Engineer: 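I have a structure I would like to understand better, so I am pasting it below and will then ask my questions one at a time.
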Amino acid sequence: MKKLYYSIGEVSEITEIEPHVLRYWETIFDDLTPRKNKAGNRTYKEGDITLVLKLKKLIQEQKYSTAGAKKIIEGEEPDPNTEAPKPLSADVQKDLKEVKLFLEKLKEKL
């Protein structure tokens, strides 16, 4: 049975987003406004969790900035000049080159 409300700890566990990040996102994204109960604890609804998962995809997977993600959430198109994916680090680029060389050698053997 689904719950009506979830605590910040439960949302953190479900979405794999740390509570401090959830609290930070609340300050940026107007649509993410969990209510607080009488004790002052945040209570998230299913819609809040859905929004958090969408933000996670935009920010962590698609590499948008929070400003770019906010534009998308608000229905605007992000500026492609300022919202390009973050460049890969030198170590990651080196690792990718090594993998590519390995795959090319493997392909030759096959």
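The first residue in the sequence is number 1, and the count goes up from there. This is a predicted model, so every value here is computed, not measured.
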Engineer: In a check of salt bridge (Lys or Arg N to Asp or Glu O under 4.0 Å) between Lys56 and each of Glu18, Glu61, Glu16, which one passes?
Structural biologist: Glu16
Engineer: Supply the atom-to-atom distance Thr66 OG1 to Ile73 CD1, rounded to the nearest 0.5 angstrom.
Structural biologist: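 CD1 of Ile73 is found 12.0 Å from OG1 of Thr66.
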Engineer: For residues Glu26 and Pro34, determine if any side-chain heavy atom of one lies less than 4.5 Å from a side-chain heavy atom of the other.
Structural biologist: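 With C-beta onward as the side chain, the pair touches.
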Engineer: Linking Ile, Leu, Val, Met, Phe, Trp and Tyr by side-chain heavy atoms under 4.5 Å, what else ends up with Leu4?
Structural biologist: Tyr5
Engineer: May I ask you to test the Leu51-Trp25 pair for a side-chain heavy-atom distance under 4.5 Å?
Structural biologist: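 A side-chain contact is absent here, since even the closest heavy-atom pair is not under 4.5 Å.
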Engineer: Should we say atom CD of Glu104 is surrounded by more than 12 heavy atoms from elsewhere, each under 6.0 Å from it?
Structural biologist: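 Enclosed.
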Engineer: Using the side chain to side chain contact (heavy atoms under 4.5 Å, CB included) criterion, which residues pair with Ser12? Sequence neighbours excluded.
Structural biologist: Pro19, Leu22
Engineer: Tell me, with the steps shown, if Asp48 and Val11 meet side-chain contact (heavy atoms from CB on, under 4.5 Å).
Structural biologist: CA-CA 9 Å; Asp48 296 322; Val11 174; over 6 Å; no
Engineer: For Tyr6 and Glu46, test the side chains for any donor-to-acceptor distance below 3.5 angstrom and give the result as yes or no.
Structural biologist: yes
Engineer: Do any N or O atoms from the side chain of Lys70 and from the backbone of Ile28 form a donor-acceptor pair under 3.5 angstrom?
Structural biologist: yes
Engineer: Has the side chain of Thr43 got a donor or acceptor atom that lies under 3.5 Å from a matching backbone atom of Arg35?
Structural biologist: yes
Engineer: Between Ile17 and Val52, is there a side-chain heavy-atom distance shorter than 4.5 Å?
Structural biologist: yes
Engineer: Is the backbone N or O of Ser7 less than 3.5 Å from a side-chain atom of Glu10, with the two atoms forming a donor-acceptor pair by type?
Structural biologist: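 Looks like yes, one N/O pair under 3.5 Å.
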